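Notes follow once the structure below has been shown.
Just so it is clear: chains get the letters A, B, ... in the order the sequence lines come, proteins before strands, and each one is counted from 1. Bear in mind the structure is a predicted one, so any value in this text is a computation, not a measurement.
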Amino acid sequence: MAEKQLRRNLAVLPIGTVMKLTGQTARQIRYYETQALVFPERTIGHQRMFSLNDVDRLLEIKDYLAEGTTMVQIRQIYQKKADRQRDKQLSDEKARRLLANELLSVGGLVGQRSTISQSSKLY
DNA sequence: GTTCTAACA
DNA sequence: TGTTAGTA
């Protein structure tokens, strides 16, 4: 499941393909990048390479615009979404650290017990 | 031939 | 946002 999501983030599409996929002009697509709505990678020759997720994002933007949503509003929507994802990531990391610490302490106790039992055998 | 940046009769 | 100029 995480592998699929990883592939969707692979930047493999040149702007010409994205134009056909989204029906948007190169001018628009580049403008949306300046608005931090999509984040295409760059080749060594500075050419933009978009991922499948970028295409989805562009299609979403297209719908928002069709509904009359302004660029400012769209930017805020994705900004907040990005913030929520950042917070979730942070809380996930915190949870992992807590779990890791618990496992470590349990392992430590087990180690102590075995040490105790071993030492009790010695007596 | 495609894409990029910058600029505007 | 369109379009064009000069590049890479």
Side-chain angles (χ1 to χ4, degrees):
Chain A
M1 193 59 121
E3 197 62 29
K4 244 179 204 174
Q5 190 58 38
L6 208 67
R7 292 187 206 288
R8 289 184 183 285
N9 276 315
L10 284 181
V12 293
L13 311 171
I15 198 167
T17 304
V18 177
M19 288 174 63
K20 293 175 182 174
L21 256 31
T22 65
Q24 294 165 325
T25 66
R27 178 80 163 83
Q28 289 177 305
I29 297 170
R30 293 182 187 122
Y31 173 67
Y32 299 150
E33 180 190 15
T34 69
Q35 300 304 301
L37 297 182
V38 288
F39 311 94
E41 292 176 18
R42 295 300 185 116
T43 65
I44 301 179
H46 301 152
Q47 292 192 316
R48 275 167 270 251
M49 293 298 278
F50 299 79
S51 70
L52 260 30
N53 281 333
D54 284 327
V55 173
D56 285 340
R57 171 70 61 98
L58 287 171
L59 290 173
E60 276 186 39
I61 294 170
K62 193 179 178 185
D63 288 338
Y64 277 130
L65 258 26
E67 293 171 17
T69 310
T70 66
M71 288 297 302
V72 181
Q73 294 173 316
I74 295 175
R75 221 173 54 206
Q76 292 173 338
I77 291 173
Y78 288 124
Q79 180 60 54
K80 291 205 169 187
K81 181 181 293 184
D83 287 345
R84 283 199 305 274
Q85 288 184 3
R86 178 180 53 72
D87 290 341
K88 185 183 186 308
Q89 235 178 314
L90 288 179
S91 63
D92 280 354
E93 284 179 20
K94 185 183 288 180
R96 281 175 200 164
R97 287 192 198 121
L98 285 174
L99 180 58
N101 284 334
E102 283 185 29
L103 290 177
L104 278 179
S105 60
V106 168
L109 287 176
V110 168
Q112 281 185 355
R113 270 187 205 143
S114 63
T115 299
I116 292 173
S117 60
Q118 280 180 358
S119 53
S120 61
K121 277 185 183 176
L122 292 178
Y123 281 75

Extract all donor-acceptor atom pairs below 3.5 Å that involve side chains of residues 71-78 of chain A and protein atoms in other chains or at least two apart in sequence.
| residue | atom | partner | partner atom | Å |
| --- | --- | --- | --- | --- |
| Gln73(A) | OE1 | Thr70(A) | N | 2.9 |
| Gln73(A) | OE1 | Thr70(A) | OG1 | 3.3 |
| Arg75(A) | NH1 | Gln35(A) | OE1 | 3.3 |
| Tyr78(A) | OH | Glu60(A) | OE1 | 2.7 |

[atom1]/[X] to [atom2]/[Y] distance, rounded to the nearest 0.5 angstrom?
X        : Y        : atom1 : atom2 : answer
Leu52(A) : Arg57(A) : CG    : CZ    : 14.0 Å
Ile61(A) : Leu37(A) : CD1   : CG    : 4.0 Å
Arg86(A) : Leu90(A) : CZ    : CG    : 6.0 Å
Thr34(A) : Ile29(A) : OG1   : CD1   : 12.5 Å
Asp63(A) : Leu58(A) : CG    : CG    : 11.5 Å

Which parts of [range] get close to DNA chain B, meaning a heavy atom less than 4.0 angstrom away?
range                     : result
residues 32-58 of chain A : Arg42(A), His46(A), Gln47(A), Arg48(A)
residues 59-74 of chain A : none
residues 12-21 of chain A : Pro14(A), Ile15(A), Gly16(A)

Qualifying residues under side chain to side chain contact (heavy atoms under 4.5 Å, CB included), relative to [X], sequence neighbours excluded:
X        : answer
Arg97(A) : Glu93(A)
Gln28(A) : Gln24(A), Thr25(A), Tyr32(A)
Arg96(A) : none

* Asked: Given pairs defined as Watson-Crick or G-U wobble with both distances under 3.5 Å, what dot-bracket annotation applies to DNA chain C, with ( ) intrastrand, [ ] crossing, | other strand and . unpaired?
  -> .|||||.|
* Only pairs at least two apart or in different chains count here, so list each side chain to side chain donor-acceptor pair (under 3.5 Å) that has a residue in residues 38-52 of chain A. => Glu33(A)-Arg48(A), Ser51(A)-Asp54(A)
Shorter than 3.5 Å, N or O on both sides, protein versus nucleotides 2-7 of chain C: list them out with atom names.
| residue | atom | partner | partner atom | Å |
| --- | --- | --- | --- | --- |
| dG2(C) | OP2 | Thr25(A) | OG1 | 3.0 |
| dG2(C) | N7 | Arg27(A) | NE | 3.2 |
| dG2(C) | O6 | Arg27(A) | NH2 | 3.1 |
| dT3(C) | O4 | Arg27(A) | NE | 3.0 |

* Asked: Honestly curious: do Val38(A) and Leu59(A) fall in one hydrophobic cluster under the side-chain, below-4.5 Å linking rule?
  ->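 Yes, same cluster.
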* **Any residue meeting salt bridge (Lys or Arg N to Asp or Glu O under 4.0 Å) with Lys94(A), in chain and number order, not counting sequence neighbours** =>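 Salt bridge (Lys or Arg N to Asp or Glu O under 4.0 Å) check on Lys94(A) returns nothing, list empty.
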Sequence neighbours excluded and cut-off under 3.5 Å, please list the side-chain donor-acceptor pairs for residues 3-21 of chain A, or say none.
| residue | atom | partner | partner atom | Å |
| --- | --- | --- | --- | --- |
| Asn9(A) | OD1 | Asn53(A) | ND2 | 2.7 |
| Asn9(A) | ND2 | Gln5(A) | O | 3.3 |

